[in-house]
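In this chain, numbering begins with 1 at the start of the sequence shown. Just so it is clear, the structure is predicted and the values come from calculations on it, not from any experiment.
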Amino acid sequence: RRLLSTASLTARIDVPTLGAIDIPTGLHIDGQWLAGRGEAFSTVNPATGEKLVEVAHASAEDVDDAVKAARRAFKTTWGMNVAATERARLINRLADLLERDAHRIAAVESLNAGKGIRIAREADVADSVACLRYYAGMADKIHGQTTDAFGGDKLALTLHQPIGVCGQIIPWNYPLQMWAWKVGPALAAGCTVVMKPSELTPLTALMMNALAAEAELPAGVLNTVPGFGASTGDAIARHMDIDKVAFTGSVPTGKRISVAAAESNLKKVTLELGGKSPMLVFSSADTDEAAQWTANGIWYNSGQDCCASSRVLVQANVFDRYVNELRKRALTVAIGAPSDERTSFGPLISESQRDKVLGYITSAKEEGARIVSGGRAWPQSKGFYVEPTILANSASKDLRAGREEIFGPVVVVTPFRDEEHALELANDSPYGLAAAVFTTDMRQAIRVARGLDAGSVWVNQYGAVHNNVPFGGFKQSGIGRELGTYGLESYLQVKAVHVNLGVEASWPI
Ligand code: NAD
């Protein structure tokens, strides 16, 4: 086993505005930084296409070491062996350290994921701090129930116990936030963690593990195993001693993980998957305001958002007005270098993601859509940028770009006749993550909200996600919920305890 000192598993990178900083690039298992048994891989700056650093790659054997460490910690220093208030204290300490290092971590997130630095700091990091604090606050509020409805002879109670060792596999679009959404509730519940960040954005998860060590989280409670899906991720999904796997990513990968989990030890599975979220704009709505929410919904994070407002359905008599308003916003999106405080729209994560997005635009044109705005790679950079793009589908064609998740800054706008038609179009999708309705008729808003197949519905707004409100998908957009009390419950299992207060065993039965 190659056991290296922290110093030799650190890389120095140049971060805009901060200068050279050292970041961890190894595996973190049982409180130690280790080299991976797999072949190290490079992570890239998507705004330039240049390599940032090499990161250790965890093999299946490394994953096994991490699981053993997590199991040991679960049985000794964590799980049901530590007071919930102590778990809360340590999670709060981790949140404080993240807040202390907000600038450093935001800068690395911006560099590795291509996010505007201000957004990385004020949204990604700030929300992750808040998420950790939210779950720290819940750690000592986990309660079971009691019932003494048995006439005095018996008492029954429930214990809400941590599930155990959890594998967590996260994507590249919100590397730090997805980390916090997973690690916060798992640690609060008393679970131990084997975390695999995306191979495209592994850096902030590693920095967080360094902060967890500084917070004095016991060794083995949080282990980080960077690597690829087919190697490291699959080893997690198939491991016989992982009790639960929590995954955020694409539908095909979610299905693969479900199968691997079922074929191994039938570990519990929660999945947050993709979407093709419809936004319904009725003629009574304020079309300017609706266009503004669409712009936020589709161009935030350059459209790499599972809830992106990628499918807008507009009542026919306000279609042109709405499209015109949206176009004005497309032309003023703050596209630029992630290191610029003014940038809100950065590059896509990779060359292949950019090419995939451009392919959808080409196919939409061939299928008869009109490009209202954008439609090209942004010519001013050699990074992986695609312009904010609006496709008008005035003839209501069944476009591939209107059906499939693009995960880029491309919105398809289609007209509808009436409420029934709008709901029919909205629900004609294998996805069911989110949806929105814009109308001034509140009865209509509630009626439509009830009828939409979606785990989140926004009324006269778009994209609101809060730590204390559950988030997750209907249909193929997922299984289970994250955030809120529901997010904590998915790391707990319920045990019924029957206490005999005077029942005599009867025999023969
Ligand atoms: P992806 O499915 O390719 O990868 C996600 C993670 O899974 C990565 O860490 C990857 O290494 C790992 N992985 C890949 N193959 C695996 C396998 N066979 N076994 C185990 N792990 C494997 O997704 P992505 O491209 O990183 O992310 C984009 C997708 O994530 C989009 O479809 C998007 O909608 C979805 N997403 C959903 C949510 C949500 O909360 N619903 C949030 C963010 C992203």
Side-chain angles (χ1 to χ4, degrees), residues 127 181 248 251 270-300 303 305-319 321-323 325-326 393 396 402-403 405 411-487 489-490:
D127 181 73
W181 287 23
T248 296
V251 171
T270 48
L271 304 172
E272 296 288 357
L273 308 177
K276 188 73 185 175
S277 301
M279 171 170 160
L280 282 55
V281 182
F282 286 90
S283 56
S284 69
D286 178 335
T287 43
D288 289 17
E289 188 68 9
Q292 186 63 50
W293 284 106
T294 308
N296 290 343
I298 186 66
W299 294 318
Y300 187 75
D305 188 305
C306 47
C307 303
S309 50
S310 54
R311 202 158 58 98
V312 182
L313 307 170
V314 185
Q315 199 145 19
N317 59 341
V318 292
F319 184 83
R321 201 164 80 211
Y322 165 86
V323 169
E325 282 301 326
L326 186 59
N393 182 22
S396 302
R403 236 180 309 120
E405 183 178 47
V411 54
V412 177
V413 190
T414 304
F416 68 80
R417 289 186 304 275
D418 53 21
E419 188 178 306
E420 192 186 346
H421 186 210
L423 271 172
E424 185 189 314
L425 291 173
N427 289 339
D428 182 18
S429 170
Y431 294 111
L433 191 58
V437 48
F438 283 74
T439 175
T440 51
D441 175 351
M442 269 301 140
R443 282 189 179 163
Q444 178 176 54
I446 299 303
R447 206 165 51 230
V448 171
R450 281 209 179 104
L452 286 163
D453 297 341
S456 295
V457 176
W458 295 295
V459 176
N460 292 330
Q461 60 170 330
Y462 200 91
V465 174
H466 301 290
N467 290 317
N468 52 355
V469 180
F471 178 81
F474 277 27
K475 293 162 130 179
Q476 293 190 35
S477 287
I479 298 176
R481 292 292 175 271
E482 292 194 293
L483 302 183
T485 55
Y486 302 84
E489 280 163 17
S490 75

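Remark: R321 CZ to L326 CG distance equals 14.0 Å, nearest 0.5 Å. Atoms CG and CZ, from D428 and R403 in turn, are 9.0 Å apart once rounded to the nearest 0.5 Å. Here the CG-CD distance, from N296 to Q461, works out to 11.0 Å after rounding to the nearest 0.5 Å. Going from atom OG of S396 over to atom CZ of F416 covers 11.0 Å, rounded to the nearest 0.5 Å. Atom CG of L423 and atom CG of L280 lie 6.5 Å apart (nearest 0.5 Å). Rounding to the nearest 0.5 Å places CD1 of I298 at 12.0 Å from CZ of R311.
With hydrogens and angles ignored, the 3.5 Å screen pairs no side-chain donor or acceptor of R481 with any backbone N or O of G455. A donor-acceptor pair under 3.5 Å is absent between the side-chain atoms of E482 and the main chain of G487, judged by distance alone. No donor-acceptor distance shorter than 3.5 angstrom exists from the side chain of Q476 to the backbone of G432, with no hydrogens or angles considered. In this structure a side-chain-to-backbone donor-acceptor pair under 3.5 Å is present from N427 to G451. With hydrogens and angles ignored, the 3.5 Å screen pairs no side-chain donor or acceptor of Y322 with any backbone N or O of L313. A distance-only check finds a donor-acceptor pair linking the side chain of S477 to the backbone of G274 [under 3.5 Å]. Judged by distance alone, with hydrogens and angles left aside, the side-chain atoms of K276 form no donor-acceptor pair with the main-chain N or O of Y431 at under 3.5 Å. Of the possible polar contacts, one joining the N460 side chain to the T439 backbone as a donor-acceptor pair under 3.5 Å is found.
Under a cut-off of 6.0 angstrom, the local environment of CZ in R447 is crowded, with over 12 non-hydrogen atoms contributed by other residues, nucleotides or ligands.
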Check step by step if side chain to side chain donor-acceptor pair (under 3.5 Å) holds for T287 and E325.
-> CA-CA 8 Å; T287 43; E325 282 301 326; over 6 Å; no
Intermediate values then yes/no, side chain to side chain donor-acceptor pair (under 3.5 Å), S309 and T294 | CA-CA 6 Å; S309 50; T294 308; 5.2 Å; no
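Contact check for F471 versus L433: side-chain heavy atoms found under the 4.5 Å cut-off. At least one side-chain heavy atom of W299 sits less than 4.5 Å from a side-chain heavy atom of V411. Inter-residue side-chain proximity for W181 and T248 is flagged as unmet; no heavy-atom pair is nearer than 4.5 Å.
In terms of heavy-atom proximity, D441 sits nearest to S284 at N-OG, 4.1 Å. Minimum heavy-atom separation, F474 to L452: CE2-O, 4.4 Å. Closest of all the heavy-atom pairs between L483 and N467 is CB-O, 3.5 Å. Between S277 and A308 the shortest heavy-atom distance is CB-O, 3.7 Å. In plain terms, the two heavy atoms of N393 and P415 that are nearest each other are O-CD, 3.3 Å. The nearest pair of heavy atoms linking V459 to A445 is CG1-CB, 3.8 Å.
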